[in-house]
**Q** 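One structure is given below, represented as structure tokens, and several questions about it will come after.
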Amino acid sequence: MQFNRGTSAMQHYVATRPMFIDVEIMNTDIQVVLGDDGPEADSSTIAEGLSILYKEIADTVRKEATTITAVFPSPNEVMSILVQRVLEQRVTAILDKLLIRPSLASLPPIEGGGLLHYLRVLAVAYDKTKELAKELQSIGCGDLDIEGLTESIYVSHKDEYTEFEQASLRQLYQSKMAELRAEAKQQSDSTGSIGRAKGASLTTSPQQLLSVTVVTEFVRWNEEAISRCTLLFSQPTTVAANVRSIFACLLDQASQYLTEGLDRARECLNEAAVMRDRFVIGTSVSRRLAAAAASGAEAAAAQGESSFRSFMIAVQRCASSVALLQQYFSNTISRLLLPVDGAHPSACEDMGSAVSVVEAAAHKGLLQCIDTVMCEVERLLSSEQKATDYRSPDDGAAPDHRPTNACIRIVAYLSRVLEVAFSALEGLNKQSFLTELGNRLHKGLLIHWQKFTFSPSGGLRLKRDITEYGEFVRSFNAPSIDEKFELLGIMANVFIVAPESLASLFEGTPSIRKDALRFIQLRDDYKTAKIASMLNSIMSE
């Protein structure tokens with residue numbers, strides 16, 4: 001007869017322990033874990049239930065260890081069999097009921113917790129099972145590889161973990177977008193009748209749909225997913241690969257949300273442009289039609305200004321959101337990628353690509369903002385600038401040293417509308433926006449002034465306007481723009497100096513020659529003073 005060194009007796013002893021044969025104990029286990037909530041229990045309830053159950057299991061094993069030590073000559077072998085049976089039978093039976101893997105083809109509804117519920121339960125179950133394994137190891141389990149056995153219980157769940165985490169993040173994003181769309185629709189429905197009565201745009205305000213709080217929520221989801229990832233995996237290469245996949249979801253979500261928000265804000269600018277174009281009329285129309293068009297143009301200008309502000313606020317919120325992503329990357333993601341060659345630079349590249357998509361959408365809108373501002377500047381120049389501003393019928397009267405009404409109106413408009421741009425934009429965005437606007441303003445004024453004829457006193461008035469514009473653009477902190485307006489001020493002297501002094505003006509500032517030669521022809525004495533022949537002699541020198 002073969003006694004196989006008592007192994008059969010050991011196995012028989014373990015197999016007859018009540019926790020393995022008492023059906024009531026096995027049925028009670030899941031009730032202890034789920035508590036009063038039953039199948040509706042959330043992950044925190046399950047974590048609490050597992051702590052209670054696993055403590056009871058550890059206490060039972062501890063009692064058994066005392067008996068085994070007293071009865072068996074090789075207690076370590078018996079403990080190895082006992083602990084293995086506890087994990088493979090009792091613990092696995094509980095986990096099989098807890099961790100029912102959802103179908104990725106038909107996601108569980110978000111109202112019931114969605115995929116996130118499964119992932120949260122997986123994380124707490126894994127964490128508590130690891131704690132139990134450590135406790136059992138401290139009690140004694142012979143030469144059993146308890147850590148390897150614990151991992152094997154979860155291997156099928158961990159193999160598909162990344163796919164489930166990504167799908168969960170997508171589900172959360174889609175649910176959030178649906179919620180925001182529903183809120184926007186409700187608001188649109190509640191204000192629709194008022195908007196239609198006033199003929200206002202029904203486009204939803206981008207401030208309501210673009211929010212740093214929403215991006216903060218994306219980051220919070222991602223942070224939770226990363227904490228699960230680092231709980232479930234410890235090997236640096238595996239951690240880095242999973243972290244990069246999870247972080248990529250955040251980049252996709254943030255760039256999509258922000259670019260769509262900017263696109264909606266740009267739609268408001270487009271609507272304002274369409275409305276503005278509707279009220280552009282020719283010169284040969286009746287006074288009544290001209291008055292109606294002027295009133296409509298005022299309304300379009302107000303909508304343009306409102307859309308400009310909305311877009312600037314959207315850009316500001318984008319900048320804050322991008323800063324939030326960069327901070328999260330530095331504080332949380334970087335340290336998990338740095339131990340693995342190439343992982344950190346690749347993620348930096350992903351981050352750069354996502355940010356550049358948002359920046360491209362912002363850049364398009366900022367150019368439209370400049371168009372909006374310049375269209376209003378041109379409208380004010382057209383409606384407010386009078387021929388007599390620069391060529392008074394009574395030119396012998398004392399000169400008027402005030403800026404023209406058109407200039408006053410434009411500087412007031414620019415001061416008002418650009419206030420939000422100064423606070424919303426920063427860094428290179430601000431610098432390039434203001435430089436481009438300064439260049440466009442300079443060019444627009446040059447074209448505008450070529451429509452007028454200037455007397456000497458009109459030249460002084462023009463110089464006063466240029467000073468006013470120049471003082472305003474100094475707030476842009478763009479030296480190239482300041483220089484352009486300084487040269488404009490010098491060029492205005494071509495209307496003020498006597499004809500015989502024009503040559504010395506060119507000698508003093510040769511850089512204005514090209515524009516000045518065009519402007520000299522706008523002098524009201526250009527023909528009578530025979531300035532053309534003087535110009536020819538200047539050009540031939």
Side-chain angles (χ1 to χ4, degrees), residues 269 301 304-305 307-309 311-312 315-316 362-363 365-385 389-390 400-452 454 458-496 508-509 511-516 518-519 522:
L269 289 166
E305 191 170 331
S307 301
F308 178 95
R309 289 175 189 277
F311 191 83
M312 286 297 169
V315 169
Q316 186 176 35
H363 182 67
L366 289 172
L367 291 178
Q368 284 178 255
C369 283
I370 291 173
D371 289 341
T372 299
V373 169
M374 285 310 301
C375 282
E376 178 59 7
V377 166
E378 286 161 15
R379 186 187 75 83
L380 289 170
L381 286 171
S382 176
S383 63
E384 300 297 326
Q385 197 88 75
D389 286 344
Y390 300 127
D400 190 340
H401 295 293
R402 295 170 302 168
T404 62
N405 193 49
C407 175
I408 292 167
R409 287 282 304 274
I410 286 166
V411 170
Y413 163 72
L414 290 172
S415 301
R416 185 176 70 246
V417 81
L418 291 181
E419 187 180 352
V420 69
F422 282 120
S423 60
L425 301 178
E426 52 190 29
L428 289 174
N429 269 342
K430 186 175 187 175
Q431 188 182 338
S432 61
F433 175 81
L434 292 173
T435 302
E436 178 63 19
L437 178 60
N439 282 324
R440 290 276 299 275
L441 179 64
H442 175 265
K443 185 180 177 182
L445 290 170
L446 271 177
I447 292 168
H448 166 71
W449 286 324
Q450 287 178 60
K451 300 171 187 172
F452 295 86
F454 295 83
L460 287 169
R461 197 96 192 269
L462 172 65
K463 197 162 174 128
R464 182 68 185 85
D465 279 359
I466 291 169
T467 301
E468 195 75 9
Y469 289 125
E471 282 177 4
F472 177 74
V473 298
R474 264 200 288 277
S475 62
F476 291 9
N477 286 324
S480 62
I481 304 303
D482 292 342
E483 186 183 350
K484 284 188 174 187
F485 277 85
E486 283 166 16
L487 290 175
L488 271 182
I490 295 168
M491 192 182 67
N493 291 328
V494 301
F495 302 122
I496 300 165
T509 321
S511 57
I512 67 165
R513 176 180 290 231
K514 185 182 172 185
D515 285 329
R518 268 204 326 268
F519 271 68
L522 304 174

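Throughout, residue positions are numbered sequentially from 1 according to the sequence presented.
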**Q** Could you check whether S423 and Q316, counting side-chain N and O atoms only, form a donor-acceptor pair closer than 3.5 Å?
**A** no
**Q** Nearest 0.5 Å please: distance from the CD atom of Q385 over to the CG atom of L380.
**A** 10.5 Å
**Q** Please give me the minimum heavy-atom distance between C369 and F311, naming the atom from each residue.
**A** SG-CD2, 3.7 Å
**Q** Give me the atom names and distance for the closest heavy-atom approach of A492 to G459.
**A** CB-O, 4.4 Å
**Q** For H363, look at atom NE2 and say whether over 12 heavy atoms of other residues, nucleotides or ligands are found less than 6.0 Å away.
**A** no
**Q** What residue pairs, at least two apart or across chains, pass side-chain hydrogen bond (donor to acceptor under 3.5 Å, both in side chains) with a residue in residues 438-447?
**A** D371-R440, N439-K484
**Q** Given R409, which partner from the list E468, E376, E384 fulfils the salt bridge (Lys or Arg N to Asp or Glu O under 4.0 Å) test?
**A** E384
**Q** Let's go through L425 and V315 carefully: what are the C-alpha distance in whole Å and the side-chain angles of both, what is the deciding distance for side chain to side chain contact (heavy atoms under 4.5 Å, CB included) to 0.1 Å, and is it a yes or a no?
**A** CA-CA 7 Å; L425 301 178; V315 169; 3.5 Å; yes
**Q** Which atoms form the tightest heavy-atom contact between P403 and R464, and what is the distance?
**A** N-CG, 3.7 Å
**Q** Side-chain contact, heavy-atom cut-off 4.5 Å: M312 with L366?
**A** yes
**Q** Do the side chain of D465 and the main chain of T404 share a donor and acceptor less than 3.5 angstrom apart?
**A** yes
**Q** Is the F452 ring parallel, tilted or perpendicular to the Y390 ring (thresholds 30°, 60°)?
**A** perpendicular
**Q** Starting from the C-alpha separation in whole Å, work towards a yes-or-no answer on side chain to side chain contact (heavy atoms under 4.5 Å, CB included) for Q368 and F308.
**A** CA-CA 9 Å; Q368 284 178 255; F308 178 95; over 6 Å; no
**Q** Roughly how far, to the nearest 0.5 Å, is OG of S432 from CD1 of I370?
**A** 7.5 Å
**Q** What distance do L381 atom CG and I410 atom CD1 have between them, rounded to the nearest 0.5 Å?
**A** 3.5 Å
**Q** Quick check: do I496 and F454 have side-chain heavy atoms less than 4.5 Å from each other?
**A** no
**Q** Side chain to side chain contact (heavy atoms under 4.5 Å, CB included) between L437 and V473: does it pass, once the steps are laid out?
**A** CA-CA 10 Å; L437 178 60; V473 298; over 6 Å; no
**Q** Find out whether E305 and Y413 are in side-chain contact, i.e. whether some heavy atom of one side chain is under 4.5 Å from a heavy atom of the other.
**A** yes
**Q** Atom CD of residue position Q450 - does it have more than 12 heavy atoms of other residues, nucleotides or ligands inside 6.0 Å?
**A** yes
**Q** Search all heavy atoms of A421 against all heavy atoms of F433 and return the closest pair with its distance.
**A** CB-CE2, 4.1 Å
**Q** Which distance, rounded to the nearest 0.5 Å, do you find between the CH2 of W449 and the CG of L462?
**A** 5.0 Å
**Q** For the CD atom on E471, are there more than 12 heavy atoms of other groups (residues, nucleotides or ligands in this structure) within a distance under 6.0 Å?
**A** yes
**Q** Is a side-chain N or O of T467 found less than 3.5 angstrom from the main chain of K463, in a donor-acceptor match?
**A** yes
**Q** At their closest point, which heavy atom of V494 faces which heavy atom of A516, and how far apart are they?
**A** CG1-CB, 4.0 Å
**Q** What distance separates S475 OG from I481 CD1, expressed to the nearest 0.5 Å?
**A** 11.5 Å
**Q** What is the minimum heavy-atom distance between G304 and T372, and which atoms define it?
**A** O-CG2, 3.6 Å
**Q** Is there a side-chain contact between L488 and F519 in this structure, where contact means two heavy atoms from C-beta onward sitting under 4.5 Å apart?
**A** no
**Q** Looking at side-chain heavy atoms only, is the closest gap between F476 and L441 below 4.5 Å?
**A** no
**Q** If you round to the nearest 0.5 Å, how far is CG of D482 from CG of L487?
**A** 11.0 Å
